[in-house]
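The structure appears below as structure tokens.
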Amino acid sequence: MIRKAWGYLLVMFVLASIGQTAAEEKWNEMKSRHFIVYYKNTPRGFAETVLNNAEQCYDAIVDNLGFNSYKGWTFDDRAKIYVYDNKDDYVTSAQQANWSAGTAYYLKRTIRTYPSAAGFFDTLLPHELGHIIFHEFIGHRGNIPLWFDEGVAMYQEKAKRWGANGKVQQALKDGTFIPLSRLAGIRLQSDSSRDLIELFYDESASIIYFLITEYGDFKFLNFCRNLERGDDFLHSLERSYPRFKTLDELNAAWVSYLEKN
């Protein structure tokens, strides 16, 4: 869990391209409708498994978020997944931190990882694709709160989708719960406490779960369409969920839901 949380931090902090590219290294490639998997000495069977799982994640994320009319990307615009031979290769060749399990570059529609990365298929892949698809849908805007951005990605992980509420309910009981008004101001840093990081992601996943399961994916889709049109976050929220004019009102409804379930 801790390694995964630190891996997510890297995704938010690193958006620039890295030194080496496919053209500079000897990569094999495998293609599907939406993805190209690049690999070197990794067994072809593993690369094929990555490709198939990526397509399954793509379909599941579009369905989870209600983005059924989402055109996405295909063929010439396919997303790229680079699978390094092992952790050492990933850290050295991709120039990543030793604690990182994977990195997503949203603007480049690219993911970099290695075969033994913890939770690759269950957590890392759906999480990073969740980020990419969400940003592709709403446009690459810089005014989306971090908790919302991360919540959308965390919601794609089955364990987080159905398990985050329990962690947040416990935080309510022991007094460590972070209200949305404060959550919106948190900026995770490399020296942030592990407890803060974990609670931040649990709460982010829980609030997205609340919005989608309690009010339906159609309202959530409208919310995202408002963001796509360029509306600011709170205005988009109120237009799609009229009862929530402020984060405090959303927070109160969310807490009430958690206390009743």
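We count residues from 1, following the sequence as given.
Atom CZ of Phe121 has more than 12 neighbouring heavy atoms from other residues, nucleotides or ligands inside a 6.0 Å radius.
Neither side chain, Asn222 nor Arg225, offers a donor N or O lying under 3.5 Å from an acceptor on the other. Side-chain atoms of Ser193 and Asp195 include no donor-acceptor pair closer than 3.5 Å. Checking Tyr84 against Thr92 by side-chain atom types alone, no donor-acceptor pair falls below 3.5 Å.
Here the closest heavy-atom approach between residue Ile178 and residue Glu203 is recorded as O-OE1, 2.6 Å. Residues Ser100 and Tyr90 approach most closely at OG-OH, 2.7 Å, considering heavy atoms. When all heavy atoms of Ser204 and Leu183 are compared, the closest pair comes out as OG-CD2, 4.3 Å. Annotation for Ile197 and Ser192: closest pair CD1-O, 3.7 Å, computed over non-hydrogen atoms. The minimum heavy-atom distance linking Thr110 with Ile132 is given by the pair N-CD1, 4.3 Å. Annotation for Tyr201 and Glu150: closest pair CE2-OE1, 3.1 Å, computed over non-hydrogen atoms.
A distance of 9.5 Å separates NZ in Lys80 from NZ in Lys31, rounded to the nearest 0.5 Å. If you take CE on Met30 and OG1 on Thr49, they are separated by 9.0 Å, rounding to the nearest 0.5 Å. Rounding to the nearest 0.5 angstrom, the gap separating the CD atom in Glu214 from the OG atom in Ser256 is 9.5 Å. In this structure, Trp254 CH2 and Leu211 CG are separated by 10.0 Å, a value rounded to the nearest 0.5 Å. Rounded to the nearest 0.5 angstrom, Leu234 CG and Thr246 OG1 are separated by 8.0 Å. The distance from the CH2 atom of Trp27 to the OG1 atom of Thr42 is 8.0 Å, given to the nearest 0.5 Å.
Aromatic ring orientation, Tyr106 versus His135: parallel (interplanar angle below 30°, classes split at 30° and 60°). Using the six-membered ring where Trp is involved, Phe46 and Phe120 have ring planes that are tilted, between 30° and 60° apart. In this pair, Tyr215 and Phe244 present their aromatic rings perpendicular. The plane angle is above 60°, beyond the 30 to 60° band. Using cut-offs of 30° and 60° on the angle between ring planes, the pair Tyr241 and Phe223 is perpendicular. The aromatic rings of Phe210 and Tyr257 are tilted relative to each other, their planes meeting at an angle between 30° and 60°.
Tyr114 places none of its side-chain heavy atoms less than 4.5 Å from the side chain of Asp85. Using a 4.5 Å cut-off on side-chain heavy atoms (C-beta onward), Lys167 and Gln170 make no contact. Ile61 places a side-chain heavy atom less than 4.5 Å from the side chain of Leu65. In this structure, Phe35 and Asn53 have side chains that are not in contact, with every pair of non-hydrogen atoms separated by 4.5 Å or more. Side-chain contact check for Phe134 versus Cys224: some heavy-atom pair is nearer than 4.5 Å. Side-chain contact between Lys160 and Pro126 is absent, with no heavy-atom pair separated by less than 4.5 Å. Using a 4.5 Å heavy-atom cutoff, the side chains of Asn261 and Asn165 are not in contact. Here the side chains of Ile212 and Asn64 are not in contact, with every heavy-atom distance at 4.5 Å or above.
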Next on the checklist: Could you go through Ser32 and Glu55, starting from their C-alpha distance and side-chain angles, then the distance that decides it, and tell me whether this counts as side chain to side chain donor-acceptor pair (under 3.5 Å)?
Outcome noted: CA-CA 8 Å; Ser32 62; Glu55 288 290 351; 2.6 Å; yes
Item to check | Working for side-chain contact (heavy atoms from CB on, under 4.5 Å), residues Gln156 and His127 | outcome: CA-CA 6 Å; Gln156 310 315 316; His127 183 100; over 6 Å; no
Next on the checklist: Pair Ile111, Thr103 - check side-chain contact (heavy atoms from CB on, under 4.5 Å), show working.
Outcome noted: CA-CA 6 Å; Ile111 294 173; Thr103 309; over 6 Å; no
Next on the checklist: Apply side-chain contact (heavy atoms from CB on, under 4.5 Å) to residues Thr113 and Leu125 and explain how you reach the verdict.
Outcome noted: CA-CA 9 Å; Thr113 188; Leu125 186 60; over 6 Å; no
Item to check | Stepwise side-chain contact (heavy atoms from CB on, under 4.5 Å) check, Ser116 with Asn86 | outcome: CA-CA 7 Å; Ser116 61; Asn86 49 50; 5.6 Å; no
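Linking ILVMFWY residues whenever their side-chain heavy atoms come closer than 4.5 Å, directly or via other members, places Val152 and Trp162 in the same cluster. Leu199 and Leu172 fall within a single hydrophobic cluster, where Ile, Leu, Val, Met, Phe, Trp and Tyr side chains are chained together by heavy-atom contacts under 4.5 Å.
Separation of the Tyr105 and Tyr82 ring centroids does not fall under the 6.0 Å cut-off.
For the side chain to side chain donor-acceptor pair (under 3.5 Å) with Tyr39, the lone residue among Arg44, Glu48, Glu29 that qualifies is Arg44.
Between the Asn251 side chain and the Leu180 main chain, a donor and an acceptor come within less than 3.5 Å of each other. Checked by atom type and distance alone, the side chain of Thr213 pairs as donor or acceptor with a backbone atom of Tyr209 at under 3.5 Å.
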